[in-house]
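Reading through the structure tokens given below for one structure.
Throughout, a chain's letter reflects where its sequence line sits, starting with A, and its residues are numbered from 1.
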Amino acid sequence: MPELPEVETSVRALKPFEGKVLENISILNPKLRWKVDTKKISSIENLLIENIFRRAKCIVMQFKNSFHVLHLGMTGTLRIQDAGNNRTEKHDHLIFHFHDKCFVFNDTRKFGYFKILSIEEYKNFDCKLGPEPLSKNFNAKYLEDQTTKSSAAIKNLIMDQKVVVGVGNIYANEALFTAKIHPLTKGSHLSHDERKQLVAAIKTVLTKAIALGGTTLKDFYTPEGNKGYFKIKLKVYGKAGAPCPNCNEIISKIIVGQRASFFCSSCQKIS
DNA sequence: ATCTACTCCTGATTGC
DNA sequence: TGCAATCAGGAGTAGA
């Protein structure tokens, strides 16, 4: 399931398309999380991609007067093909055509979306999102401002894209384990040290996952068709009943904010 | 204002 | 064996 590292991996694979001309986009199925604007998309013709980058969990293509925003949802993947290759697969929804290549957006569960935004609309979209976790704007002081008065569980807070972007369920679990913080700890109950450790843990976990090409559970492959290798490094996610890698206590599973949460009841005490 | 619960979707897995 | 119920979860939204 694409979280920040998976999206980052996808963006890196798309970098060769920078400076190329997007000739047009085929719509195989407009019914994604939000119905794609077929009229707007069909009006596109030969636009030069100036920049491709990641913002939160979105792949953003920047053009002279617009931004294309693609969210992979939970099961979205991209597949790069030669232009002459007309092969399609089940759940292919959009095809971005270039002179000699194309890339295909495939999303089984249709939780992803694709939007074309004006510069103004993009600014508005961007400013509603929290800071990038790997930027220096995401630090202990910032996290303190965001959590010190909150009664919500810290796990819900770090998964809130207004607080910090890109941290989904897998990495939230891993980061809390690394920082030795119980997922149900209220934001206001965190100590100064815990906030510091949590910020550091989020950065470390995400950086390592990016280096390994993301996490492949069932769904994620890079656009070149490779698996992400972070899964073998997961310490608690999906490991209920297994021994804690630190202390051998059995890993517990609870539901926090409707999401499966894994932790070690010995290493991660509520404070 | 803040927080929680529900909702969309499909396929794999589990249960009877 | 086969069909049905359950689970997975990003993030918008409705409701508390």
Side-chain angles (χ1 to χ4, degrees), chain A residues 1-10 28-37 54-60 69-78 88-94 105-115 117 121 124-133 143 145-176 183-190 202 206 209 214-221 228 230-231 234 236-241 253-263:
Chain A
M1 46 211 69
E3 294 187 29
L4 185 148
E6 292 75 30
V7 179
E8 183 67 33
T9 300
S10 299
L28 281 59
N29 174 12
K31 283 186 230 162
L32 301 179
R33 189 173 198 326
W34 294 294
K35 194 171 181 302
V36 298
D37 189 333
R54 180 190 57 73
R55 173 63 173 128
K57 293 173 193 165
C58 297
I59 296 166
V60 183
V69 178
L70 180 65
H71 194 299
L72 299 177
M74 282 187 38
T75 52
T77 54
L78 292 174
T88 57
E89 295 181 5
K90 202 174 179 183
H91 307 304
D92 281 352
H93 305 306
L94 300 170
F105 173 58
N106 180 292
D107 185 4
T108 310
R109 274 170 261 188
K110 301 188 181 73
F111 277 19
Y113 62 80
F114 177 68
K115 282 183 176 180
L117 304 179
E121 287 167 333
N124 188 43
F125 157 85
D126 179 75
C127 74
K128 281 190 252 174
L129 295 170
E132 287 291 331
L143 190 65
D145 293 342
Q146 292 292 310
T147 57
T148 191
K149 288 179 182 162
S150 174
S151 63
I154 187 60
K155 177 155 181 280
N156 290 345
L157 289 170
I158 58 174
M159 287 178 68
D160 182 341
Q161 304 295 295
K162 293 189 290 297
V163 175
V164 58
V165 303
V167 181
N169 198 38
I170 296 174
Y171 300 108
N173 277 297
E174 294 297 307
L176 287 167
L184 284 174
T185 307
K186 291 184 191 311
S188 58
H189 289 184
L190 288 173
I202 288 172
L206 292 176
T215 302
T216 297
L217 290 180
K218 298 185 187 105
D219 320 289
F220 185 74
Y221 287 80
F230 193 69
K231 184 181 181 190
L234 293 175
V236 287
Y237 181 85
K239 301 212 183 285
K253 176 182 176 181
I254 56 171
I255 302 297
V256 179
Q258 312 299 103
R259 296 287 170 262
S261 304
F262 303 88
F263 67 102

For atom CD of Q258(A) and atom P of dA8(C), their distance in whole Å: 11 Å
K110(A) side chain near dC8(B) phosphate (N/O to OP1/OP2, under 4.0 Å): no
Length of the CG-P vector between L32(A) and dC8(B), whole Å: 16 Å
F111(A) ring over dA11(C) six-membered base ring, under 5.5 Å and 30°: no
Contact under 4.0 Å: H91(A) side-chain N or O vs dC9(B) OP1/OP2: no
Side chain of R109(A) (C-beta onward), nearest among dA11(C), dC9(B), dT4(B): dC9(B)
Short side-chain N/O contact from H71(A) to OP1 or OP2 of dG10(C), under 4.0 Å: no
Donor-acceptor contact below 3.5 Å, side chain N106(A) vs main chain T77(A): no
Contact under 4.0 Å: S151(A) side-chain N or O vs dC3(B) OP1/OP2: yes
Straight-line distance of K115(A) NZ to F125(A) CZ, nearest 0.5 Å: 8.0 Å
No-hydrogen, no-angle side-chain donor-acceptor test under 3.5 Å, N169(A) and K155(A): yes
Rounded distance (Å) that lies between atom P of dA11(C) and atom CE of M159(A): 9 Å
Residue pair S150(A) / K186(A), side-chain donor-acceptor N/O under 3.5 Å: no
Separation of dT4(B) P from K186(A) NZ (nearest whole Å): 8 Å
Between P of dT2(B) and CD1 of I154(A), the distance in whole Å: 16 Å
Contact summary for N173(A) and V236(A), nearest pair of heavy atoms: O-CG2, 3.6 Å
K162(A) side chain near dA11(C) phosphate (N/O to OP1/OP2, under 4.0 Å): no
Of the listed nucleotides dA11(C), dT10(B), dG12(C), the one nearest the side chain of K57(A): dA11(C)
Whichever of K149(A) and R259(A) has its nearest DNA chain B nucleotide further upstream toward 5': K149(A)
Sugar-phosphate only, base, or nothing, as touched by K253(A) at under 4.0 Å among non-hydrogen atoms: sugar-phosphate
N156(A) side chain, from C-beta outward: closest of dT4(B), dA11(C), dA8(C): dT4(B)
Value in whole Å for how far the C1' atom of dC8(B) lies from NE2 of H93(A): 13 Å
Between dA8(C) (P) and I255(A) (CD1): distance, integer Å: 6 Å
dC3(B) OP1/OP2 closer than 4.0 Å to side-chain N/O of S150(A): yes
Electrostatic pair E132(A):R55(A) at N-O distance under 4.0 angstrom: yes
Any K90(A) side-chain N or O less than 4.0 Å from OP1/OP2 of dG11(B): yes
Short side-chain N/O contact from K155(A) to OP1 or OP2 of dT4(B), under 4.0 Å: no
Which residue lies more 5' along DNA chain B, comparing R33(A) with L157(A) via nearest heavy atoms: L157(A)
Nearest-angstrom distance from the residue atom CD of Q146(A) to P of dA1(B): 16 Å
N169(A) side-chain N/O to dA8(C) phosphate OP1/OP2 under 4.0 Å: no
